Amino acid sequence: MGVHGLTSYVEGNRGLFQDVRFRDSRLVIDGCSLFFRLYLNHGLDQAHGGDYDAFAALLSTFISALEACNILPYVVLDGGMDPSDKKLSTLRQRLQSKIQEAESLSRGRHGSVLPLLTRHVFIQVLSQRGVPLVQCPAEADWEIACLANQWGCPVLTNDSDFYIFDLPGGYIPFRFFQWANVSGSPPNHYIPARRYTVSGMCQHFRGMNRELLPLCAVLAGNDYTTEQTYKHIHTLLPQLTTGGKRGGRGRGSPSHIEGLLLWLSSFPGPEEALEEVGRLTGGVERGGGERGRGGRGRGRAGRGGEMSGLCSVLWSGMQEYHLTPQSRLSTWFSGGSSRSPEGLWATTPCPLPEWLCWAAGSGAMAPLVLDVLELRRVLLIPQVENSRLPSSHCSATAIRQALYGILLANQEQGERGETGWGEGHRVQRQGGQETQVEGQGERGRGGRQCGRRGRGRGQKQGVGQGGAEPSSGSGQVRTTPLALWRVTDCQVEPRTPGTRLHLETLCQAPVSVRLGVLYDVLGVKESSLSPLPLHLRLALGVTGFWRREARPFPSLPQVQALLLGMVHGEMARNTHPGQKQNTAAEQNLWMKLRLRPGDRRGFDVGVAHSLSQWQACLWSVLSLNQLLCLPLPEPDTAWLFSGSLVHGLVGRLRGGCSPESVLAAAPLSGHIYRSLLAALENCTLNTLPSGRRKRGRGGGGRRGGAPSSQEINNRFALLMTEEEDEE
């Protein structure tokens, strides 16, 4: 959500904020705003796929700053897409913008794209630090506001809707929360901040009734305002904003915001203001409150009746800002026996199994899963890649096929009375989105078939499209053109794994069964991964899958660089006393290999595309592993991949260095690298041809055959933590 132009206006008026020394308090945090703000505003890598280790360190520093000031954070995350589709148009626009920015970055220009695994790293770090977290079924803004309203504490976010919500503890924008500048002396540390309150805003405008602020939001235009509604409103703005500062034009400009507020402050309440809107637009309806609840009034035929309906739309939009005195999230955060996900998930369109509600509520189930179950629609996240090639997400098609099959196959069987999938129930991939199509298809520009007919959102079969909606009455799907992103469409058919799993009882299936499904999807041999520590098996299995499925096939330097990046992560995450002598030297080694932040000279879009395919595979398999109730423990994602390091390593390896020479000053790292490479060679059903292994100057292939399982175990024994050793 967001009110157009409101942030610029409010933040440009210093008198609307109060300076505070924030400490000793609860703080409700908009989780999605937090990870976007932290990553994109601190100079972290975006073009090379992301530096997740640097992001994890920054997030940990943020949490430590809160702890130093005795601030208790409660993080609330958005879940799946809004099932009402009220924001579908806004989601399309944002997706198109991100596609264009990713394209810009891929060409060495400026852009802003959040790396694919940022959210996953964010949740893992919060869990490791013990920060309370909840994931809502859909957008979290209203839930955040209700929780802060009940607790009487501030909200930390970057959303202009919180200038409208009437919160007793106020709203602190990220821009004015100086967490990196902890002040005072212990035990009285505090964070300098500026807090906004609705009461301060109303006092600034001649004691305006605070119930008028939601009307200001819908008149100015927010994410729920349709283009058709705003066209009607736009004709009113010149009449309503004459009291504002001159010079501003267009939707939601600061002068319009001030003019609206001045105009609204002349009314005792929203009903009277709505009556004036009806009069100005030619309507004859009276009684704003009754109008909103009763639908369209008895306006004049033609234009008058239409504009009376506009007042009903405005009143309905105002209700988005009405808060309840009790929050569903307070029970979740209370802990103990009263903690339950039932209240939070009771209103979802598709009833979910209890175990899945628990996982989703705790952030251990990706929004992708929720969107498939509830909407049959998926939005895939744009990455920096070669837009002339098929999307990087196409490399993970088989993984998502299995995920869709598990989620939907049982429902399909019950609804259609059949086993398996029939003809025409496919998922079409277009522009970073996936949509179900059926019937006869036609050839797309890339030569693959593109279906022409689709189902509406209310139908149950297949996975629907986030960037498309059914045409009125025709059953056809209308897609949004995303020419910058795609020149080839590909199709995905949900496939049920060979071992049939029932969603209701999936969590009760034996671990061996769920693990077998995971390995079958990845096409890897369990025996080849068993010598590795548990936390690395999923990453190595994904790498084997990527090496087989990526197009173009990954080069040997790319494979070697990925494994060297994992070696760096292993060394960085383990700081046992016996390794202190090597730690400083190895840290210096890895720092020299990294590309400098923001360095776009010599950017190789081919390498970026290949590594984006690897991330797409990992992102998809993390969701599948979660759905299978973690038959393999999740890897510490922050230490698996650092884009600036891996790109730097690819350049070094292409220049003639071998992995052994890169690691010459780090003997333990060399042992780990060779073990990872041997396991990777063994885990895939189809290994690289010998000719491809010889192409790299430094070799990197096995000498004298692959190490035995015992040898690989011995090499990793030095890095095993006590907990892993017990497992």
Side-chain angles (χ1 to χ4, degrees), residues 45 47-54 536 539-540 543-544 546-547 550 552-572 579 581-615 639-681 687-704 706-707 712 715 719:
D45 172 77
H48 300 94
D51 282 341
Y52 299 114
D53 52 351
L536 286 177
L540 261 292
T543 305
W546 161 76
R547 192 174 71 166
F553 286 110
S555 67
L556 183 58
Q558 292 169 10
V559 175
Q560 292 170 333
L562 260 179
L563 296 183
L564 287 170
M566 294 180 196
V567 172
H568 161 258
E570 280 300 288
M571 299 305 300
Q579 299 171 349
Q581 291 182 348
N582 294 330
T583 299
E586 295 203 9
Q587 285 180 347
N588 187 47
L589 165 69
W590 297 113
M591 287 301 297
K592 290 181 179 178
L593 293 169
R594 285 181 184 269
L595 298 177
R596 294 181 179 178
D599 186 0
R600 298 185 180 90
R601 292 174 298 176
F603 178 76
D604 191 322
V605 70
V607 175
H609 189 87
S610 183
L611 296 177
S612 288
Q613 290 184 84
W614 180 84
Q615 288 207 63
W639 298 109
L640 274 186
F641 180 85
S642 170
S644 63
L645 174 61
V646 175
H647 274 256
L649 284 165
V650 171
R652 187 70 66 92
L653 294 169
R654 282 177 169 178
C657 291
S658 68
E660 288 78 10
S661 63
V662 170
L663 300 175
L668 181 55
S669 293
H671 283 303
I672 297 171
Y673 168 76
R674 288 189 291 274
S675 300
L676 290 175
L677 183 62
L680 179 61
E681 289 288 331
T687 58
L688 283 175
S690 58
R692 296 191 64 187
R693 290 199 297 269
K694 293 177 181 177
R695 203 158 47 196
R697 295 187 185 181
R702 292 167 283 166
R703 298 180 179 177
I712 296 177
R715 290 177 180 176
L719 294 178

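FYI, the numbering just counts along the sequence from 1. Keep in mind that this is a model prediction, so the values were computed, not measured.
- Applying the salt bridge (Lys or Arg N to Asp or Glu O under 4.0 Å) criterion to R594, with sequence neighbours excluded, gives D51, D53.
- Summarising the geometry of G565 relative to V646, their closest heavy-atom pair is CA-CG2, 4.5 Å, with the distance given to 0.1 Å.
- Atoms OG and CG, on S675 and L680 in that order, are 12.5 Å from each other to the nearest 0.5 Å.
- Expressed to the nearest 0.5 Å, how far NE2 of H647 lies from CG of L611 amounts to 5.0 Å.
- The two residues M571 and S669 come nearest to each other via the heavy atoms CG-OG, 3.3 Å.
- In this structure, the separation between CH2 on W590 and CG on L564 is 5.5 Å, given to the nearest 0.5 Å.
- At a threshold of 4.5 Å between non-hydrogen side-chain atoms, the residues M566 and L563 count as touching.
- Taking CD1 of I672 as the start and NE2 of H568 as the end, the distance is 12.0 Å to the nearest 0.5 Å.
- In this structure, L663 CG and H671 NE2 are separated by 11.0 Å, a value rounded to the nearest 0.5 Å.
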Going through the distances and angles, do E570 and L676 end up as a side chain to side chain contact (heavy atoms under 4.5 Å, CB included)?
-> CA-CA 11 Å; E570 280 300 288; L676 290 175; 5.7 Å; no

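- Using cut-offs of 30° and 60° on the angle between ring planes, the pair Y52 and F641 is tilted.
- Partners of W546 by side chain to side chain donor-acceptor pair (under 3.5 Å), not counting sequence neighbours: none found.
- In terms of heavy atoms, S610 sits closest to Q558 at OG-OE1, 2.7 Å.
- In this structure, the side chains of L649 and V662 come closer than 4.5 Å at one or more pairs of heavy atoms.
- Once rounded to the nearest 0.5 Å, the distance linking CD of Q560 with CZ of R654 reads 12.0 Å.
- Heavy atoms only, all atoms of each residue included: F603 and H48 are closest at CD1-NE2, 3.6 Å.
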